[in-house]
Amino acid sequence: MRYLSIINKNLFFRAIILCTLSSICHATDLQAYIINFIEQNEKPRLATLYPKAEINIELGNRANFSYLPACPEDKLSILNSRLNAQKRTTYTVQCLAPAWKFFLPVNQKIFLNAYTAISPISRKQTITKDNVDLIKVDITKLRGDIYSQDNPPYGLVASRNININTVITDKITELPIIIKKGSRIVIKAQSNVISIKMNGESLDNGVMGQQIRAKNISSGRIVYGKVVSSNEILVNY
């Protein structure tokens, strides 16, 4: 009887070990399936949205895989629940038979070359090649759009004080004032058939493309026009 008891205990512990190994293997298989989904689907998809980017995707709650029943690969599906997400998203992992559904949190990192301050930049100071440089950064941590090598921020001005190592985005830059209040300008009135130029005085500061007020020197009339250069506004009739 004692011998049978020992055999039963051995069989019991073997069953536990086999069950544990089976769970580990299943968790590993499921994790490999999800990683394959990332490599074959998610990274290429993000690469089309962010050309030239280095993309890293990390999974969360991996330990929970071991609690899920085994699922045949042809019954398994994965769906990104937030395709527009930049930093954090959730994958819905679902098995049709046996039926279960699992929500997997995912962290995304998207590294791109972006202009970063290499020296402090004061508010209203012009951004130039001397105070910024291209550095690879994780754009998922940023607010606003970065400037790329094809679209540098040179000539823009800082809308606030910018510390060293700060990534330059459209949230902290603005167009420079190219027409100052009180300066003499040309008022160009244009229609489909005629174009007239008059001398004027700017009543506002103006940046490129902005609507400002100006006074016609000869008539005293106040008009609104769009800034088109450092000394001219355009009034459409």
Colleague: Any side-chain heavy-atom pair from K226 and Q211 closer than 4.5 angstrom?
Modeller: yes
Colleague: For residues V157 and T173, determine if any side-chain heavy atom of one lies less than 4.5 Å from a side-chain heavy atom of the other.
Modeller: no
Colleague: Any chance the side chains of D150 and S148 put a donor and an acceptor closer than 3.5 Å?
Modeller: no
Colleague: Sort out for me which residue in L46, L49, I110 forms a side-chain contact (heavy atoms from CB on, under 4.5 Å) with Q86.
Modeller: I110
Colleague: Is K109 paired with E54 through a side-chain N to carboxylate O contact shorter than 4.0 Å?
Modeller: no
Colleague: Please check this pair: side chain of W100 against backbone of L68, looking for a donor-acceptor N/O pair closer than 3.5 Å.
Modeller: no
Colleague: With a 4.5 Å cut-off on side-chain heavy atoms, are I57 and Y91 touching?
Modeller: yes
Colleague: Is any side-chain heavy atom of N41 closer than 4.5 Å to one of N80?
Modeller: no
Colleague: Which residues pass the side-chain contact (heavy atoms from CB on, under 4.5 Å) test with N131, not counting sequence neighbours?
Modeller: S119, I121, Q125, I127, T128
Colleague: With the side chain counted from C-beta on, respond yes when I185 and I233 share a heavy-atom pair under 4.5 Å apart, and no when they do not.
Modeller: yes
Colleague: Can a donor-acceptor pair be found between the side chains of S81 and T92 at a distance below 3.5 Å?
Modeller: yes
Colleague: With distance as the sole test, does T89 use its side chain to make a donor-acceptor pair with the main-chain N or O of V106 at under 3.5 Å?
Modeller: no
